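To start, the structure itself, in structure tokens.
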2 protein chains.
Amino acid sequence: MQETKRDEIVRSAFSTFYQKGFLATPVDAVLADTGISKRTLYKYFRTKEELVEAAVTYYRHAALASIADEIERRADDPRGRILAMFDIKSEAIAAGDFSGCFAINARLEYDGKEPGIEAACDGFFEDLETVITGLCAEGGAADPAALARQIVVLLEGAIVYGRFRRDPTVALAAREAARALLDRDFKATHSPNEA
Amino acid sequence: MQETKRDEIVRSAFSTFYQKGFLATPVDAVLADTGISKRTLYKYFRTKEELVEAAVTYYRHAALASIADEIERRADDPRGRILAMFDIKSEAIAAGDFSGCFAINARLEYDGKEPGIEAACDGFFEDLETVITGLCAEGGAADPAALARQIVVLLEGAIVYGRFRRDPTVALAAREAARALLDRDFKATHSPNEA
DNA sequence: TTGTATGTAAACTGATCGGTTTACATCGCT
DNA sequence: AGCGATGTAAACCGATCAGTTTACATACAA
């Protein structure tokens, strides 16, 4: 199925909001970036917030697919794949144009104001925890969900804090911490690692 | 030295911004909460952003003093004091009115737009790392700064993620992770004393 | 060919908001 | 008493912005 006009708008709006924030970005900026008219935008979305919600849902699926893809390319055991997530973020921070986690950003700007947007962000968080829980189970952790939660805190912490410190080594420090937790919880048998 | 009018405005503005956010809060909301006139506000601050910057600086000193105070009350060894930070955040999340880290919030909303505000946030982050580095050194860590950085990532991650999940156990999971790191790096002698 | 759906361009509306200005009250000081 | 500093109250200005409406172009199916 080819991309519809609506999809095109959402994808473009996502990158505009990602770079410039939500409240600080007028709808006109989205229009300018997409080359679309205001009339068309409001044909597909009743309000700006509805567009933001769609952008978060787009991020939920696109970012998770991209992460799954990338960590599979970088490592072939669950341990290496979890650690690869931190490498990816470290590299993004080093690249200089990193704007953090779209869901965290949206959640913060609309906190307590837009239930639909909050729910979309929650969906992303749940999917992320599910993916990491799966990897932890695969690695033989006794309590995969509990370990996954610790990994997620480290990952999101590295994203937010590393971004604001503008320091890629923050994500590497988080990676080391994650490694210590994996060493503690994963079954002793892990193939040669490191990257 | 008694509190000046300026101090009063900053303190009140801090709690208004903390509860309602920055961009989403009109200056009039701050005035209403303080009972001050617009004229007076603009006598002490040239712009809204200058007021926000002052609020972040206020947070920098007030929050760190409050943390130092509270962890000293809760434990008397560096290990216990570091872990107490997570307990405090877990309790705040459980209380239900928790709005996260003021510096993270400000940094995110004004990212790339207000250098003065960004610098004030950086000041808070540096002070926080300094405090935790001190505790790590006191605990006998081989590389106190590196360990502190990991603790800070866990702490800020727990604050942001736990807040958005509305789940106090997130901070407790982070606490467990921190404990694992302390077990690894602190000098083996961890009897619950020392000051 | 004609009608309908889809699109752009742009003017417009109404509300919000940051910041200024005017007018007036109060208090402390000499 | 009188004066300057400090304060409130409130009208005001100009810009911004979400969302609507009008006008017009294009494509395509009956």
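Quick caveat, the model's predicted, so the values are computed rather than measured. Naming convention: chains lettered A, B, ... in sequence-line order (proteins, then strands); numbering from 1 in each chain. FYI, side chains are in, hydrogens and waters are out, and symmetry mates aren't considered; it's all heavy atoms of this structure.
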### Set of side-chain hydrogen bond (donor to acceptor under 3.5 Å, both in side chains) partners for B/Arg184, sequence neighbours left out
B/Gln150
### Message
Nearest whole Å is fine: how far is D/dA5 P from B/Lys43 NZ?
### Response
9 Å
### Message
What is the distance, to the nearest angstrom, from the CZ atom on A/Arg6 to the C1' atom on C/dG7?
### Response
18 Å
### Message
Whole angstroms only, please: what is the CG-P distance between A/Leu41 and D/dT21?
### Response
16 Å
### Task
Not counting sequence neighbours, which residues clear side-chain hydrogen bond (donor to acceptor under 3.5 Å, both in side chains) with B/Arg6? List them please.
none
### Query
Can you give one letter per nucleotide of nucleotides 9-18 of chain C, going 5' to 3': B for a protein heavy atom under 4.0 Å from the base, S for sugar-phosphate only, - for none?
B-------SB
### Message
Once you apply a heavy-atom cut-off of 4.0 Å, does B/Tyr44 come out as touching a base, just sugar-phosphate, or nothing?
### Response
sugar-phosphate
### Task
For A/Phe125, check ring pair (Phe, Tyr, Trp, His ring centres under 6.0 Å) against everything at least two apart and list the hits.
B/Tyr161
### Task
Name all residues meeting the salt bridge (charged side-chain N to carboxylate O under 4.0 Å, His left out) criterion together with B/Arg175; count only those two or more places apart in sequence or in a different chain, and write none if there are none.
B/Asp87
### Query
What pairs meet the ring-ring contact (aromatic ring centres under 6.0 Å, His included) rule with one or both residues in residues 64-83 of chain A, with sequence neighbours excluded?
none
### Task
Find the distance B/Glu8:CD to D/dT6:P and express it as a whole number of Å.
15 Å
### Query
Given C/dT8, is OP1 or OP2 found less than 4.0 Å from the side-chain N or O atoms of A/Thr40?
yes
### Message
Between A/Tyr58 and A/Phe102, is the ring centroid distance below 6.0 Å?
### Response
no
